[in-house]
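Data first, discussion second: the structure below is written as C-alpha cells.
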Amino acid sequence: MRGAIVINESSPKKVAARKLLFAVFLEGVSVIAGILAYALTGSWLWLAIGVLGGLGFALPAIIVFVRASMEERNSASR
C-alpha cells in the first residue's frame, strides 16, 4: 500500500475569497432578518441591527482578502 501525501495548493487569496463569499452570504441573511423584523415590528432599529450585524461578518473578511491579495502581489513581483 502506498501512502499519498496531499498538498493543499490553494493560495491564501483563494481561501480568503471563499471566506469572503461565505461572509457575504451571512451578511445577506442578516439584512433579510433585519428586514423581516422591521416588517413585523415597524421599528427601524431592527433594520439597522441587521445591516450592522452583517458588516460584522463581511468587514473582517474583506480585510483578510485585501491583505492576502497584497501579499500575493508582493510575492509575485519578487
With sequence neighbours left out, which residue pairs that include part of residues 17-31 fulfil the side chain to side chain donor-acceptor pair (under 3.5 Å) condition?
S10-R18
State the CG-OG1 distance between L36 and T41, to the nearest 0.5 angstrom.
10.5 Å
Are L21 and V24 connected into the same hydrophobic cluster when the rule is that any two of I, L, V, M, F, W, Y join if their side-chain heavy atoms are below 4.5 Å apart?
no
Donor-acceptor contacts under 3.5 Å from residues 42-60 side chains, at least two apart:
unit_1 : atom_1 : unit_2 : atom_2 : d
S43    : OG     : L45    : N      : 3.3

Please set out all donor-acceptor pairs under 3.5 angstrom arising from side-chain atoms of residues 64-71, sequence neighbours excluded.
unit_1 : atom_1 : unit_2 : atom_2 : d
S69    : OG     : F65    : O      : 3.0

